[in-house]
Every structure is written in C-alpha cells, then in structure tokens.
Amino acid sequence: MPAEVAEAAETARSTVRSIAVWLASGVDSWFGDRPFEAGGGKVTDGRLSMALLLRQHDNPDFDVRFNARFRLPNIEERLYAFVGRDDQRDVITDRPGPFSRQDRLLDDTRDRDFFAGLGRSLNDAVDLRVGLRGGLNPFAQARYRNEWLIGPNDLADFRQTFFWSLEDRFGSTTALSYEHAFTPDLAARWLNSATITQESKQFEWSTLLGAYRSFGDQRMLALETLASGEQGSGVGVSDYGVQARWEQPVYQDWLLGGVVLGHFWPREDEDSPRLRAWAVGVSMKMRF
C-alpha cells in the first residue's frame, strides 16, 4: 500500500477510535466520577465497514455500518453499553450476520438507523439488552447462546433471542449452526435461522451451507449456498443462490478488503416468475 494511503488509513482508524472512546467516556461519566481508562474502561469489538453491492434487477447499494461495545467502569462490571449504525430489523431481531441483506447481496431499501443501549450479562450464556434506535424508538432483547463440542472436529452452536419493539411487538429468532473441520484449514458450516413476530405471525427462515478454506494471515475463501423464504407467502423459497467470497488484509491486520460474486434465483410472489440475477460486491472493513 502506498505510504500516503497507509497514513490516511492510520489517521482514519485513530479518529474513529478516538470518537468511540470519547463517546464511551462521556456516557460513563453520567454514572460516576471514576476515570474512564484508569478505571478499566475500554472500547471493544469496534468495526466500521463499507460495501458497494450490485445485483441484477436492483439498484446499486452503498452500505456503511458501525458497531462497538463499551466497558464502563462507573457501572457494574457485568453491565456494558453498545452503539452502532446498522439495518434496524437485523439489530432488533438479532438475525445472524450471514443472513443480512448485505451479506446476501440484496439492495437494502429498509432504514439503516443509529442505535444505542445498555446490556447486562447474567452469565456466559444469557444477557439482557435495552436500547433506542432511530431516535426514540425503544427495543428490548433477552439472548441465550450455548456451544457444544460434539467431537474433536465438530461444533454445534444454538442461539435464541426474544425481542420486543413497537413495530413487531414480541418476537423471537432461533439460530442453529453445525461446523465440521476437515483439516485445520478447511471447514464446513450449516447455519439455519427462523424469526417470528406477533405482527407478522409468519416464520421468516433462512439456511446456509458453506465451505471455508483458510490460507493463513486472515486470508479466507468461502463458497456458500443460501436459501430463504416466508411461511404463507405462496412461494416455498423466495430466494436462493450460490456465492463465492474472498477476504484478506489490505493493511496490517485491522484493515480488510473483500470481494464476493454470486448468482441468485429470486421470486417475489406466487404470481411472479422466478428470475435469474448476477451479483457482485466489494467491501472494506476496519477494526478499531
């Protein structure tokens, strides 16, 4: 990477992290006088991502997402804050990342909102969260997650989220994944998710089967098949397809670039024919 570009990347990362720390320390100061950093305050899981998505028959979509988690020393140890900008429905329903519209190369016409809130970890498996998104729109979540090492090369992961929002009222998202490692560098995963709400009363489901090959130094090739649908829509599978992803660092280990190419067969409703659509996406992800 040219020196000028590297310097700009370093400056951008430093600025984003400074803003996150300033925000975290400001929120923490509302609850007491303990110094933020000296008291153990920190910003973790900071991610800023940008992606350009192009899918046949859809408009180009430029997506910017931001997420971070705060450790606040003036609040009890198990209480944390979170903040970000993301698809509002994915945030509230706690839908697994691989099933987001961005990861499926879909034009996201839904609102992307800023959100913030507080969470409390009851133990390693359960946490509770309350927050606001898009201004003064409240939401709440109760989340449970557990992993089981079935064998030396097999891992199962279960995640259950109960949520409430003004739009959906009460709802739940269930996610189950199974991973098998063929070698230290080659693995397969089967991921399934289902969401239902009081408002819709219909299950939205998604499934993914993928193979993942690591080439070291955070270089990863993924081949995935995906399908999704909604109960009672009149269409068994509303969208399915295949996609290939490549991701690697472009500067040190915190700035990663990716490219994805896919082909999909969407069907809007039972009165519409099933279409064919090529899709391509490029992304940049910064960790801070």
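Starting from 1, each residue takes its place in the sequence as its number. Since the model is a prediction, treat every value here as computed from it, not as a measurement.
Applying the side-chain hydrogen bond (donor to acceptor under 3.5 Å, both in side chains) rule to pairs touching residues 1-19 yields E10-Y251, E10-Q252, sequence neighbours excluded. Sorted by first then second residue, the side-chain hydrogen bond (donor to acceptor under 3.5 Å, both in side chains) pairs that include residues 175-191, not counting sequence neighbours, are D154-Y178, D154-H180, R189-Y212, W190-N192, W190-T207. Residue pairs meeting the salt bridge (Lys or Arg N to Asp or Glu O under 4.0 Å) criterion with at least one member in residues 160-174, sequence neighbours excluded, are R89-D168, R133-E167, R169-E199. Listed by first and then second residue, the salt bridge (Lys or Arg N to Asp or Glu O under 4.0 Å) pairs that reach into residues 277-288 are E247-K285, sequence neighbours excluded. Under the side-chain hydrogen bond (donor to acceptor under 3.5 Å, both in side chains) criterion, the residue pairs touching residues 27-38 are D28-N74, with sequence neighbours excluded.
Members clustered with V235: none, using a 4.5 Å side-chain heavy-atom cutoff among hydrophobic residues. Other members of the hydrophobic cluster containing F203, listed by chain and number, are I196; membership follows side-chain contacts under 4.5 Å among ILVMFWY residues, whether direct or relayed. Here L128 is tied into one hydrophobic group with L122, V126, Y144, W148, F158, L176, each link being a pair of ILVMFWY side chains closer than 4.5 Å.
Residues passing the salt bridge (Lys or Arg N to Asp or Glu O under 4.0 Å) test with R143 are D94, D127, sequence neighbours excluded. Contacts of E268 classified as side-chain hydrogen bond (donor to acceptor under 3.5 Å, both in side chains), with partners at least two apart in sequence or in another chain: none. With sequence neighbours left out, the ring-ring contact (aromatic ring centres under 6.0 Å, His included) criterion links F139 to no other residue. Checked against side-chain hydrogen bond (donor to acceptor under 3.5 Å, both in side chains), Q248 has the following partners two or more places apart in sequence or in another chain: R219, W246.
Distance alone, capped at 3.5 Å, places no donor-acceptor pair between the R245 side chain and the L223 backbone. E230 contributes no side-chain N or O that, together with a main-chain N or O of E204, makes up a donor-acceptor pair within less than 3.5 Å.
A cation-pi geometry, defined here as NZ or CZ lying under 6.0 Å from the six-membered ring centre and within 45° of its normal, holds between R69 and Y80.
Looking at R145 and T161, their side chains never bring a donor and an acceptor atom within 3.5 Å of each other.
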